[in-house]
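Every chain is numbered from 1, with letters handed out A, B, ... down the list of sequences.
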Amino acid sequence: MRFTNLFAPTLRQDPADADVVSHRLLLRAGYIRRVTSGVYDLLPLGLRVLRHIETIIRQELDAAGAQELLLPMVQPAELWQQSGRWDKYGRELLRLVDRHDHASCLGPTHEEVICHLVAGDLRSWRQLPMNLYQIQAKFRDEVRPRFGLMRGREFTMKDGYSFHADDEDLAREYDHMFATYQRIFRRLGLNFRAVEADTGSIGGNRSHEFHVLADSGEDLIAYCTECDYAANVEKAISGRAKPLATGNEQPLAQVATLGVTEVDAVAKLLDIAPSQLVKTLIYRVTGGELDGKTIAICIAGDDQLQEIKLQRAIHAEALEMASDAEITEAGGVIGYIGPQGLTCPLFADTALQAACDLIAGANQNNTHLRHLSMPRDAANAHYFELRQSCADDQCPHCGGTIALARGIEVGQVFALGRQYTEPMEVGFQDRDGKRATATMGCYGIGVSRLVAAIVEQCHDEAGICWPMAVAPFQVALITLGNGEMVTEASAELYQQLTEANIDTLWDDRKERPGVKFKDAELMGLPLQLVVGERGLKDGMVELKPRQGEKQLILLADALSHCLQSVANPQ
RNA sequence: CGGGGUGUAGCUCAGUCUGGUAGAGCGCUGCCUUCGGGAGGCAGAGGCCGGAGGUUCGAGUCCUCUCACCCCGACCA
């Protein structure tokens with residue numbers, strides 16, 4: 001491609017509304033433009049990168065035995081009503097009504113549609129297993145889209161679904177897809193980590209997320225520095241670095257804490273560690289057996305409640321901090337809430353299970369209690385793992401040290417089981433001649449998000465630094481000046497490179513050298529091949545990897561050098 | 001949905017407090033000079049100051065309403 005034919009408007013200054021590096025660079029380098037909140041145009045350069053990522057995904061999935069198909073974006077409400085998600089999915093599901101007053105939605109994910117398809121044609125166990133995938137635009141009406149391609153409302157996703165005769169075979173395919181995902185992300189040149197994950201609203205019983213490690217990531221993951229354990233903090237379980245004190249049961253005693261309510265302030269006033277305090281939080285529950293009820297949660301003073309864990313533990317759909325009135329009704333005194341004397345159900349973190357000699361609110365103004373013993377004074381508590389993992393925690397598997405890192409979730413695999421196949425009636429006749437329901441797995445990759453995630457990990461001061469495997473062009477052929485000699489040599493090189501199937505962007509613009517170098521670096525092309533009069537006099541050109549040193553080479557050797565650098569990038 | 005912020009030239013932004021002819025830099029067009037790291041000169045083009053209503057002799061500026069976008073939070077495969 002000649003630069004003069006390429007639509008790639010680069011910006012000299014940073015766009016005002018982009019704070020995150022990938023968003024900023026993709027806008028500046030002419031890869032994307034915003035249409036409206038969370039919706040982007042993918043310009044030719046952006047599309048090239050996306051296509052390269054798709055190609056790697058296709059190659060690996062096809063090799064793994066999956067088949068590509070394409071499902072519709074507009075889906076009838078009936079399918080979602082059948083699975084039960086029409087009412088459950090919430091406002092992220094963009095619903096529309098057509099001219100016949102028929103309700104539909106834009107697909108945020110395709111479990112219903114694929115089950116409908118498979119249910120229609122599945123007859124026998126002999127047809128199983130099958131693994132079907134598609135790469136397609138998804139729409140989720142996110143409450144707060146942000147960071148460019150990182151969290152859009154419309155985005156490109158690879159979603160795959162597998163169907164099996166039994167859970168054993170599903171487990172096999174789950175592991176197979178897990179390994180395939182690792183190969184895909186490795187080929188993309190990413191520093192990533194697979195972590196155990198909560199199954200969220202998609203449901204199911206086993207799930208891993210794949211995270212690209214980056215400080216701008218929206219997720220927090222906990223991992224062991226000594227073994228393979230890694231999990232999203234929404235799910236991670238780890239032991240406190242310093243267990244809480246047990247034994248030593250002394251009688252409860254009131255202590256005046258006039259106007260002091262915050263954990264750190266109380267700890268300071270009483271000259272104790274924050275871990276010796278118990279925080280009591282009051283929530284209102286939506287969904288599940290406790291629907292509409294108020295509940296109390298106890299957690300160590302220096303721990304944070306992980307709400308997702310609580311939600312899972314009590315099978316709730318949503319949690320909200322209780323209002324002042326609800327707290328009072330439950331017997332709590334705001335600022336001095338403690339487990340004793342509350343009238344609502346009490347849940348506590350397992351770290352507190354045997355803890356004694358604690359300080360807690362007394363449910364009395366300006367008063368705390370000393371020597372609180374959870375087993376003795378909060379005997380009605382139900383214990384669950386509710387605290388969020390912290391750095392320096394103990395690994396549950398090997399006892400090693402836990403560390404935290406930020407991650408961008410770029411893929412997730414779920415063993416769904418029969419959660420969708422039951423209501424969608426995906427049945428077949430098993431080898432004993434009996435009717436059976438298929439079991440299902442689903443596997444997603446955020447393709448457009450990957451574009452952003454790669455930039456987050458591969459950039460420097462000057463711009464993007466694409467891995468060779470996904471770069472929109474592999475070589476930036478930069479012609480310096482307009483002389484006949486350099487133009488002819490460049491044209492010759494351009495033809496050679498193109499014929500050798502090397503994606504080459506020939507900067508044939510009448511621009512000064514600085515402009516060309518800056519644009520090539522901003523765009524992040526992995527190799528620069530520079531043709532200038534200075535070198536050409538001696539039959540030489542320059543080859544420079546995006547982040548490496550430049551090398552003078554013979555014009556005659558340029559093609560073979562490029563072939564080698566493309567095949568074996570630094 | 002709560003909190004904060006921004007809308008003026010293609011981009012980045014001044015001008016708004018204190019009402020009085022619409023500005024700068026970069027980019028863009030033409031010409032000249034320059035030609036190895038976002039050059040210099042000259043001449044130009046480009047604006048319903050997000051939108052609607054109001055106050056005023058007069059509104060980018062003041063008032064009311066509204067829309068869009070960004071950030072933090074809540075939420076979220």
Quiz prompt | Strand partner of G44(B), provided both Watson-Crick or wobble distances fall under 3.5 Å | solution = C28(B)

Practice problem: Kindly point out which of C70(B), G36(B), C72(B) is positioned nearest to the side chain of F147(A)? | Solution: C72(B)

Quiz item: Which is true for E542(A) with a 4.0 Å heavy-atom rule: it touches a base, it touches only sugar-phosphate, or it touches nothing?
Solution: base

Practice problem: For R153(A), report the nucleic acid contact type (base, sugar-phosphate, nothing); a contact means any heavy atom under 4.0 Å. | Solution: nothing

Exercise. Could you work out which one of C70(B), G37(B), G36(B) sits closest to the side chain of V530(A)?
Key: G36(B)

Practice problem: Please tell me which of the listed nucleotides, C76(B), U34(B), C71(B), lies nearest to the side chain of R146(A)? | Solution: C71(B)

Quiz item: Under the 3.5 Å rule, do the base of U34(B) and the side chain of R512(A) count as making a donor-acceptor pair?
Solution: yes

Self-check item: Donor/acceptor link under 3.5 angstrom from R28(A) side chain onto base of G27(B)
Solution: no

Quiz prompt | Residue matched to C75(B) through Watson-Crick or wobble contacts both under 3.5 angstrom | solution = none

Quiz item: Expressed as a whole number of Å, how far does the P atom of G10(B) sit from that of G5(B)?
Solution: 27 Å

Quiz item: Looking for any heavy atom pair under 4.0 Å, which part of the strands does G90(A) touch: base, sugar-phosphate only, or nothing?
Solution: nothing

Exercise. Identify whether NZ of Lys or CZ of Arg in R95(A) sits under 6.0 Å from the centre of the six-membered ring of W86(A) and within 45° of that ring's axis.
Key: yes

Practice problem: Check the pair W466(A), Y31(A) against ring-ring contact (aromatic ring centres under 6.0 Å, His included), reporting the backbone distance first and the verdict last. | Solution: CA-CA 13 Å; W466(A) 292 113; Y31(A) 285 77; 5.6 Å; yes

Practice problem: For P108(A), answer base if it contacts any base atom (sugar-phosphate contacts may also be present), sugar-phosphate if it contacts only those atoms, and nothing otherwise; contact means non-hydrogen atoms under 4.0 Å. | Solution: nothing

Quiz item: On a whole-Å scale, what distance lies between the P atoms belonging to C65(B) and C26(B)?
Solution: 41 Å

